[in-house]
Amino acid sequence: MRFSKAVVKYRVPILILALVLMVPSILGMVGTRINYDMLDYLPADMDTVIGQNALMEDFGKGAFSFIVIEDMPKETVAALRARLEQVEHVDTVVWYDSLFDLSVPMELLPKRVYEEFNTDHATMMAVFFDSATSADVTMDAIREVRKICGEQCFVSGMSALVTDLKDLCEKEEPIYVGIAVLLACAAMLLLLDSYLVPLVFLASIGMMILLNLGTNYFMGEISYITKALSAVLQLAVTMDYSIFLWHSYNEQRLRYGEPKKAMEIAIGETLTSVVGSSITTVAGFIALCFMSFTMGKDLGIVMAKGVLLGVLGCVTVLPAMILALDKPLQKTKHKSLIPNMGKFAFGVVQVFPVFLVIFALLVPPAYYGYSKTNDEVYYDMGRCLPEDMAYVVANAKLHEDFNIASTHMLLVDADTPSQNVRRMMQEMEQVEGVKYVLGLESIVGSRIPEEIIPDSILEILKSDKWELLLINSEYKVASDEVNRQLESLNAILKRYDQGGMLIGEAPCMKDMIETTAHDFQVVNLVSILAIFLIIALVEKSLSLPFLLIAVIETAIFINLGLPHYFGQSLPFIAPICISTIQLGATVDYAILMTTRYKAERIRGNGKKVAVRIALAASIPSILVSGLGLFAATFGVAVYSNIDMISSMCMLMARGAVVSMLCVILILPALLLWCDRLIRVTTFGMKQKNMEVTVK
């Protein structure tokens, strides 16, 4: 009560402080670096990550791209190569004239090497950058390379993908937030009892979103997925808390008349209710931090922080704003469009065995679809982009003109004898799907002695510690075929050099597949256990956590199982994050109804009356919350051209609706069916008067 009185007393300073904090929050948000490279989140102790670091340390090279050049005379290509080498952070550009003067016939190259890098109408050059794949300076260099190259050239590689992703995100993100705000506001206008209060909610939540985004500055950087989703998720998830305060305030205002007194009591009630509710949501997000693929930690910390700030804003900034605008808020009140749910609740209770049967019939196909969806996710980041993006077009050209779908790099001990390296290369070229292995030994031979190879080329292919080889593959990144190919290549490599490393986009993706498959199981287990314990403590029951989690997990199975039946493939991160987010964000619906059911049973009502009252009282809050989450995410899902973001928002939108329906229709049936078990296993529900069934 002391806290509530302090908030009411110091409401003006609270508003002033909140407004002042917006300035550093905006600066912090602008100053937070955004990471667009999913491969950066792999564990640091993996060979692929160690190898990428070695490439940078020993060769001074990080990013790598192939450029396909169509219908251009060789003299013009040579001039283009010279211009590209002048681009800042371009370390080396390798083409034929890197080895010989153009007056020397190209046919001097080994026939196979010549044919692999030239067709009737196209040639290919390799570009090495002295900066990391997703560094800001590398993306700037990619833009400059594209500008110089013009329409006849196509730049492939991870850096090109990251650049296109960043440009598209920066273009779309302001629109995401705008769509989420507009649709959430429309939902609240329809479902709440005031025309002005949605704007007050959005102002209060918006301040907390800015504060959350601003404090990300202290994390150094966040992923683009975190940036794109955090504002939308925080708006959707913390809207409930604002609605609860508003309803409580209006109830107390009718009782006491005096706004300040009513707000003091409303803050106290809200704090008690919202803290319990928010803990489950925070637990769901914190579970993401247990992923070894550290993007989960990135999203988990930002979202958990956002929920906590949402609770803080709900009991400080929002009460101050409501009191400041009390008169216009009261004048703009209207009757809620949500009708009295008494008759509907009565109907659900009367036919509850039907919903038990529906529940039993739904679980097997839902779980089957859910298990299959997890097997059908994709890891190729290029699939997240529209088909007309420059990177996607370049990759298509590379495949069309040269039949190259992916490029791997080998780091072999520099002391490995040349004849061993040649034998290893020959073995690797026999692996299915390998087009060729390119290294110093590919160029040096009987026709070209090593002494005439320019130092600039030798520096690319050999350092004091390592020799670098390139392997071009016909198989796409993250495909089953390329993963089998990588296993074969690794086995050959280890026979010749136990410390050798296979690196590049495809090996990193293979590591990501193995890492996230384990993460999915860990995150699910941690989130379920954490939320189980929280419900057990909040409800003081051993049976209720099983029932509530069973209902929400069924909703998750349905939501994540539908893509299998629809023939859809999801980006790999979606099922991992969505299962946890949906559990943490929507289990509150079940807790709300169950808490009211318990109260009614303890009061002496029979099980049917208790469930009916709990359902009728809970439906309005569940509808506002569920449809608010749907509204905030559905528009983004429809609009976004980035499949990673579109898929996750669509899953969240659909998950909100499915969870809402499961709680409204299935949970009451389970409460009725398990009433006796609940009473026996729940503290405070064993009183004799509860044995009487009030019809």
Side-chain angles (χ1 to χ4, degrees), residues 29-30 32-42 52 62-67 89 127 129 131-147 154-177 213 216 221-232 293-296 298-299 302 377-398 406-407 476-478 504-506 508-509 512 516 569-574 577 636-637 639-650:
M29 181 179 69
V30 172
T32 302
R33 186 179 183 275
I34 308 302
N35 190 344
Y36 294 85
D37 186 0
M38 291 289 97
L39 301 181
D40 272 0
Y41 295 101
L42 284 169
Q52 292 290 146
F64 164 80
S65 288
F66 275 130
I67 300 180
H89 294 289
V127 181
F129 299 84
S131 47
T133 300
S134 57
D136 294 333
V137 291
T138 307
M139 289 187 270
D140 291 338
I142 289 287
R143 293 187 189 97
E144 185 63 24
V145 165
R146 283 173 169 169
K147 185 177 176 183
F154 307 90
V155 184
S156 69
M158 273 298 290
S159 295
L161 183 153
V162 170
T163 303
D164 286 344
L165 191 56
K166 179 182 180 181
D167 292 344
L168 189 56
C169 277
E170 289 182 346
K171 176 184 173 185
E172 289 191 353
E173 275 166 10
I175 302 171
Y176 296 160
V177 178
L213 294 174
N216 290 338
E221 66 177 27
I222 58 172
S223 76
Y224 79 96
I225 292 177
T226 301
K227 185 187 177 189
L229 296 180
S230 58
V232 174
F293 183 66
T294 55
M295 204 213 78
D298 185 85
L299 180 61
V302 172
V377 296
Y378 69 82
Y379 289 79
D380 182 359
M381 296 299 100
R383 287 183 59 179
C384 292
L385 294 172
E387 291 185 1
D388 59 350
M389 293 299 288
Y391 164 81
V392 180
V393 173
N395 264 22
K397 288 287 183 184
L398 192 62
S406 59
T407 301
K476 287 186 176 182
V477 167
E505 185 182 356
C508 284
M509 286 295 181
M512 190 187 292
T516 52
S569 185
L570 298 172
F572 72 98
I573 200 71
C577 292
V636 177
Y639 172 78
S640 179
N641 286 306
I642 302 169
D643 192 49
M644 185 82 75
I645 293 167
S646 176
S647 293
M648 289 186 71
C649 283
M650 183 59 76

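Both backbone and side-chain heavy atoms feed into the values below; hydrogens, waters and symmetry mates do not. These numbers come from a predicted model, not from an experiment.
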Taking the side chain as every heavy atom from C-beta outward, state whether [X] and [Y] have any atom pair closer than 4.5 Å.
X: Ile225; Y: Cys577; answer: no
X: Met644; Y: Ile573; answer: yes
X: Met509; Y: Leu39; answer: yes
X: Arg383; Y: Ser569; answer: yes
X: Val392; Y: Pro386; answer: no

Between Ser223 and Asn35, is there a donor-acceptor pair closer than 3.5 Å when you use the side chain of the first and the backbone of the second?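 Not at all, since once roles are kept as given, no pair shorter than 3.5 Å links the two residues.
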Which residues share a side-chain hydrogen bond (donor to acceptor under 3.5 Å, both in side chains) with [X], sequence neighbours left out:
X: Asp643; result: Tyr378, Ser647
X: Ser134; result: Asp40
X: Tyr379; result: Thr516
X: Ser65; result: none

Could you give all pairs that pass the side-chain hydrogen bond (donor to acceptor under 3.5 Å, both in side chains) test and reach residues 160-169, with sequence neighbours left out?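 Sorted result for residues 160-169: Arg143-Asp167, Arg146-Asp164.
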Of the non-hydrogen atoms in Ala160 and Val155, which two are nearest, and what is the gap between them?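 Ala160 and Val155 have their closest heavy atoms at CB-O, 3.6 Å.
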Val393 to Glu387 - nearest heavy-atom pair and separation: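 Here Val393 and Glu387 meet closest at CG2-O, 3.8 Å.
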Salt bridge (charged side-chain N to carboxylate O under 4.0 Å, His left out) partners for Lys476, two or more places apart: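 Residues passing salt bridge (charged side-chain N to carboxylate O under 4.0 Å, His left out) with Lys476: none at all.
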Report the residues that fulfil salt bridge (charged side-chain N to carboxylate O under 4.0 Å, His left out) with Arg33, sequence neighbours left out, ordered by chain and then residue number.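 Partners of Arg33 by the salt bridge (charged side-chain N to carboxylate O under 4.0 Å, His left out) criterion, ordered by chain and then number, come out as Asp136, Glu221.
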For Thr32 and Asn216, what are the C-alpha separation, side-chain angles and deciding distance, and is it a side-chain hydrogen bond (donor to acceptor under 3.5 Å, both in side chains)? CA-CA 7 Å; Thr32 302; Asn216 290 338; 5.8 Å; no
Could you verify whether a donor N or O on one side chain and an acceptor N or O on the other, from Ser406 and Glu505, lie under 3.5 Å apart?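 Judged by distance alone, the side chains do not pair up.
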Between Asp37 and Thr133, is there a side-chain donor-acceptor contact under 3.5 Å, judged purely by atom types and distance?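 Judged by distance alone, the side chains do not pair up.
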Residues forming a ring-ring contact (aromatic ring centres under 6.0 Å, His included) with [X], sequence neighbours excluded:
X: Tyr391; value: none
X: Tyr224; value: Tyr36
X: Phe64; value: Phe66, Phe128

My understanding is that only residues two or more places apart in sequence, or in another chain, count here; which of them pass side-chain contact (heavy atoms from CB on, under 4.5 Å) with Ala135?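 With sequence neighbours excluded, Ala135 shows a side-chain contact (heavy atoms from CB on, under 4.5 Å) to Ser131, Ala132, Val137, Thr138, given in chain and number order.
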Residues forming a side-chain contact (heavy atoms from CB on, under 4.5 Å) with Glu173, sequence neighbours excluded: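 Scan of Glu173 (side-chain contact (heavy atoms from CB on, under 4.5 Å), adjacent residues dropped) gives Cys169, Tyr176, Lys227, Ala228.
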